[in-house]
Number of protein chains: 2
Amino acid sequence: MPGSAVVAAETVGRVSLYRVLLSGLQQAGIKGVFSHQLSTSAGVSAAQVRRDIITLGYSGSPQHGYDVAELIESIDNFLDAPDGQNVALVGVGNLGRAVASYFAGRRPKLRLVALFDIDPEKSGRVICGVRCYPQEKITEVVRSERVSIVILGVPAPAAQAVADACVAGGARGILNFAPVALRVPPGVYVENLDMARSLEKVAYFARKAGG
Amino acid sequence: MPGSAVVAAETVGRVSLYRVLLSGLQQAGIKGVFSHQLSTSAGVSAAQVRRDIITLGYSGSPQHGYDVAELIESIDNFLDAPDGQNVALVGVGNLGRAVASYFAGRRPKLRLVALFDIDPEKSGRVICGVRCYPQEKITEVVRSERVSIVILGVPAPAAQAVADACVAGGARGILNFAPVALRVPPGVYVENLDMARSLEKVAYFARKAGG
DNA sequence: GCTATGCTGTGAGCGCGTTCACAGTGTGTG
DNA sequence: CACACACTGTGAACGCGCTCACAGCATAGC
């Protein structure tokens, strides 16, 4: 049964990408797809695609490949919580607003229900249709709004304290944009997304490859 | 000699993180640091930190650990091009502006020299102190401005065409925010940074761990 | 001076995600 | 009816990054 086995984080990431690609195919009216087609669009090997799909509990046929609609449904079952998950965003700067607008209505199963900012100008207002609270209320609101996922867009020095407040309120997952390793209790998942780091990787290899 | 050996992308990313952490220590007036201290802040093992530092060509002493200033200098030598690298940003949306403001003046060795946007309202103007060009000029401007790194903040359907134009102009590295695998010639490095994917990973593991 | 301590540098080994290569299977073709 | 073909599903093997564990070494304490 899918869901009981341990799934690697990389697999989950790829599956998420497959869903985006499959949605594109579906909108183009394409009904079936083969592993090597997905592998080209996703930039991974065909064997990888097949293994990933098996972990979803879905099977294709050697004759017609995978049914696009069915595969999307399998991915939905795999990735999404049946009744959705509530998301909060801490730090409504440029980055925070970009993330907020990015997810506005695009992921119905992930509802952005609260913003937090340390700036009194922002807290109390409604931004992008979501209410912004002062940062002291994090634990309280995270708990009352049943937030399970927090997007952390605050400066590095504040990140740990904010993370602690979120965890105290019951958050189970953190998407951390700050360049520090967060200390969290077991059972809380942290994904780091450091843009500066990524850019410097690109800069490094651009230099090494180019000369 | 460092620079000649093949270095893993993960190592480069961690080294970039070390530099951020070390800068913080330096500003706090701390002169020396041990591998286990860095390892705690970076969220990796101490052995990992030591191995990474060796690849820089720097050595500490068993008595005093690593000299913060010297280590930062070694990282600078390792990561940065002596005369810097020019960066362009394509797609001046919410995300693009966030990235632009994020790097404004923070990385002196990475100069943001050009913006591109398909919207005629934006192209022609100067945004955040950088001139914005129409998207048709990418190849031309990338070449004339000697841009080696491109940040791609355009929608997925446009990403491949823009990437091709950038490569044609001589770009050697791409930071791609679009959820597609770019096809690029050998020698061009692509780093994918898909925020939706990362968030869905967090959502998945928040659900699995929490229940 | 001799031992204890704690760090760096590193060879060896491990684990895990990925890839290889092929068996299984049904369809299309002559 | 037999054969060729293309794709899925998967056991086995590979490779690479990471970790373990220890040698080397200088200082601190007695």
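Just so we're on the same page: letters track the sequence lines, and every chain starts at 1. Basis for what follows: all heavy atoms, side chains included, without hydrogens, waters or symmetry-related copies.
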> Could you tell me which non-hydrogen atom of A:Ala159 sits nearest to which non-hydrogen atom of A:Asn176, and how far apart they are?
CB-OD1, 4.5 Å
> Please report the distance, rounded to the nearest Å, between CG in B:Asp67 and P in C:dC7.
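About 18 Å, once rounded to whole Å.
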> Would you give the length of the straight line joining atom OH of A:Tyr204 to atom OG1 of B:Thr11, rounded to the nearest 0.5 angstrom?
9.0 Å
> Under 4.0 Å between a side-chain N/O of B:Tyr58 and OP1 or OP2 of C:dT8, yes or no?
no
> Mind checking A:His36 for me? I need base, sugar-phosphate or nothing, with any heavy atom below 4.0 Å counting as a touch.
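The residue A:His36 makes sugar-phosphate contact but no base contact.
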> Using modelled atom types only, decide if a donor and an acceptor are shared between the side chain of B:Lys109 and the backbone of B:Pro82 within a distance under 3.5 Å.
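Judged by distance alone, yes, a pair lies under 3.5 Å.
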> Hey, does A:Asp52 have a side-chain heavy atom less than 4.5 Å from the side chain of A:Gln48?
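The answer is yes; the side chains approach within 4.5 Å.
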> Is the backbone N or O of B:Arg183 less than 3.5 Å from a side-chain atom of B:Gln160, with the two atoms forming a donor-acceptor pair by type?
yes
> What nucleotide among D:dT27, C:dT8, D:dG9 has an atom nearest to a side-chain atom of B:Pro62?
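Per side-chain heavy atoms of B:Pro62, the pick is C:dT8.
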> What is the distance from CD of A:Gln63 to C1' of D:dA4, rounded to the nearest Å?
14 Å
> Less than 4.0 angstrom between a side-chain N/O of A:Ser61 and OP1 or OP2 of D:dC7, yes or no?
no
> Distance check needed: C:dG9 P versus B:Leu71 CG, whole Å only.
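Going from B:Leu71 (CG) to C:dG9 (P), I get 10 Å.
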> For the pair made of CD in B:Gln37 and C1' in C:dC7, what is the distance, rounded to whole Å?
11 Å
> Does the protein touch nucleotides 11-21 of chain C at the base, only the backbone, or not at all? Give it as B, S and - per nucleotide, heavy atoms under 4.0 Å.
BB----SSB-B
> Rounded to whole Å, how long is the line connecting atom CZ of B:Phe34 with atom C1' of D:dA26?
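Going from CZ in B:Phe34 over to C1' in D:dA26 covers 12 Å.
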> How many whole angstroms separate atom CD1 of A:Ile54 from atom P of D:dG9?
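Distance check: A:Ile54 CD1 to D:dG9 P gives 5 Å.
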> Can you name the one residue among B:Leu115, B:Ile174, B:Leu152 that meets side chain to side chain contact (heavy atoms under 4.5 Å, CB included) with B:Val90?
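Filter result, single survivor: B:Leu152.
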> Can you tell me the distance, in whole Å, between the OH atom of B:Tyr66 and the P atom of C:dG6?
18 Å
> One thing to verify: whether B:Arg207 and A:Asp80 come together as a salt bridge, which I'm taking to mean a side-chain N less than 4.0 angstrom from a carboxylate O.
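No.
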